[in-house]
Visitor: 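Below you'll find the structure I mean.
Indexing begins at 1, ligand by ligand and atom by atom, following the structure's order. Note that the structure is a prediction, hence the values are computed from the model and not measured.
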Amino acid sequence: MKEDRYITIALAKGRLAKKSMEMFEKIGITCREMDDEKTRKLIFTNEELKLKFFLSKANDVPTYVEYGAADIGIVGKDTILEEGRSLYEVIDLGFGKCRMCVCGPEAAREKLHNHEQIRVATKYPNIAKNYFNNKKHQTVEIIKLNGSIELAPIVGLSEVIVDIVETGSTLRENGLTVLEEVCPLSARMVVNRVSMKMENSRITDMINKLKQLV
Ligand code: PRP
């Protein structure tokens with residue numbers, strides 16, 4: 001692989017992107033074009049370092065990386081698990097720490113415990129299916145939602161939810177609680193299989209430097 005080609009990095013839009021750029025800065029990788037918060041540009045370049053960065057919806061980051069449209073991606077473990085794409089997960093970056101949990105009102109605990117046929121609302125149907133079918137061997141009905149998942153048990157759409165818990169304040173403010181933990185989560189660096197196999201020294205250098213930070 002030619003060493004002067006661009007390395008493309010896909011970042012999940014939002015909180016993780018900001019943290020990711022702070023982390024890159026620590027190993028001398030910056031992208032001044034990205035500092036302008038009002039820009040409508042989608043792709044940002046550092047000509048000197050031959051790097052390109054782009055922001056996408058978190059769910060799309062593994063797709064860009066699997067197909068090689070990005071060599072590297074930074075995205076939450078929740079998205080990696082949910083999307084199930086073929087890629088290398090190379091570093092647990094240690095930020096964006098939270099938990100995937102089964103949550104609901106206290107009253108749902110017994111139904112869950114008794115393996116009753118309950119409804120589970122979630123933005124993560126694959127993670128929820130895998131947890132209930134393969135780990136708990138429990139038959140449930142999964143209902144896919146796209147946000148504000150905590151609403152579901154409050155308005156009677158489902159008994160429980162499978163969702164991300166960070167501080168727990170969304171649950172507390174809505175009279176819900178963590179009933180079971182599915183798995184811990186954090187931001188991960190993922191790399192395209194071909195980019196990794198070609199042993200592009202710029203990518204391996206970057207990985208080694210980042211590993212020393214975490
Ligand atoms: C996430 C998650 C919870 C909340 C948890 O939602 O789905 O609702 O954050 O955080 P907390 O434990 O600190 O309260 P997000 O803000 O990403 O928006 P969403 O409801 O659209 O998924």
Visitor: How close does the nearest protein non-hydrogen atom get to atom 16 (O) of ligand 1, and which residue and atom is it?
Guide: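 Closest protein heavy atom to atom 16 (O) of ligand 1: R15 NH2, 4.0 Å.
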Visitor: Atoms of ligand 1 less than 4.0 Å from S148 heavy atoms?
Guide: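 Here the atoms of ligand 1 in question are 19 (P), 20 (O), 21 (O).
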Visitor: Using a cut-off of 6.0 Å, state whether more than 12 heavy atoms not belonging to Q117 lie near its atom CD.
Guide: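 Buried by this count: over 12 neighbours within 6.0 Å.
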Visitor: Need the ligand 1 atom indices (1-based, order shown) with element for anything under 4.0 Å from a heavy-atom of G147.
Guide: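 Checking each atom against G147, I get 20 (O), 21 (O).
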Visitor: Below 4.0 angstrom from a heavy atom of S169, which ligand 1 atoms are there? Numbered from 1 as shown, please.
Guide: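 Under 4.0 Å from S169, ligand 1 has these atoms: 12 (O), 14 (O).
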Visitor: Under a 4.5 Å cut-off applied to non-hydrogen side-chain atoms, are R85 and I80 in contact?
Guide: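 No, side chains not in contact.
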Visitor: Taking NZ, NE, NH1 and NH2 as the nitrogens, is one of them in K19 or E22 under 4.0 Å from a carboxylate oxygen of the other?
Guide: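 Here K19 does not pair with E22 in a salt bridge, since their nearest N and O are not under 4.0 Å apart.
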Visitor: Below 3.5 angstrom, do we get any N/O pair linking L171 and ligand 1?
Guide: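 There is no such contact.
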Visitor: Less than 4.0 Å between atom 4 (C) of ligand 1 and some protein heavy atom, yes or no?
Guide: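 It does: a protein heavy atom is found less than 4.0 Å away from atom 4 (C) of ligand 1.
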Visitor: Tell me, which protein residue and heavy-atom name are nearest atom 9 (O) of ligand 1, and how many Å apart are they?
Guide: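 Checked against all protein heavy atoms, atom 9 (O) of ligand 1 sits closest to I164 O, 4.6 Å.
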Visitor: What are the atoms of ligand 1, with element, lying closer than 4.0 Å to any heavy atom of T167?
Guide: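 Reading through ligand 1 atom by atom, the close ones are 11 (P), 12 (O), 13 (O), 14 (O).
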Visitor: Would you mind listing which atoms of ligand 1 come within a distance below 4.0 Å of any non-hydrogen atom of E150?
Guide: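 The atoms of ligand 1 under 4.0 Å from a heavy atom of E150 are 3 (C), 8 (O).
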Visitor: Could you name the option among D163, L151, I149 that has the heavy atom nearest to atom 2 (C) of ligand 1?
Guide: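 Nearest heavy atom to atom 2 (C) of ligand 1 lies in D163.
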Visitor: Checking ring pair (Phe, Tyr, Trp, His ring centres under 6.0 Å) between F53 and each of F44, F24, Y6, which is the one that passes?
Guide: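 The ring pair (Phe, Tyr, Trp, His ring centres under 6.0 Å) with F53 is passed solely by F24 among F44, F24, Y6.
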Visitor: Which of these passes salt bridge (Lys or Arg N to Asp or Glu O under 4.0 Å) with D71: K52, R5, R193, R202?
Guide: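 Running salt bridge (Lys or Arg N to Asp or Glu O under 4.0 Å) over K52, R5, R193, R202 with D71 returns exactly one hit, R5.
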Visitor: Judged on heavy-atom distance to atom 22 (O) of ligand 1, which of E166, R172, K123 sits nearest?
Guide: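 Ranked by closest heavy atom to atom 22 (O) of ligand 1, first place is K123.
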Visitor: Please tell me whether S186 and D92 have a donor and an acceptor in their side chains that are separated by less than 3.5 angstrom.
Guide: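 Short answer, yes.
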Visitor: Quiz question for you: does at least one protein heavy atom lie closer than 4.0 Å to atom 18 (O) of ligand 1?
Guide: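 When distances to the protein are checked, atom 18 (O) of ligand 1 has no heavy atom within 4.0 Å.
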Visitor: Is there at least one protein heavy-atom neighbour under 4.0 Å from atom 13 (O) of ligand 1?
Guide: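 Under the 4.0 Å cut-off, atom 13 (O) of ligand 1 does have protein heavy-atom neighbours.
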Visitor: Are any of the N/O atoms in T170 less than 3.5 Å from those in ligand 1?
Guide: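 Min N/O separation from ligand 1 is below 3.5 Å for T170.
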Visitor: Check each of R15, R99, K97 against E166 using the salt bridge (Lys or Arg N to Asp or Glu O under 4.0 Å) test, and report the only one that passes.
Guide: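 Going through the options one by one, the only one that passes is R15.
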Visitor: State, without any angle test, whether E150 and N174 hold a side-chain donor-acceptor pair at a distance under 3.5 Å.
Guide: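 N174 and E150 do not have a side-chain donor-acceptor pair below 3.5 Å.
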Visitor: Looking at K18, I'd like to know if its NZ atom is crowded, meaning that more than 12 non-hydrogen atoms belonging to other residues, nucleotides or ligands lie closer than 6.0 Å.
Guide: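 Open: at most 12 neighbouring heavy atoms sit under 6.0 Å from NZ of K18.
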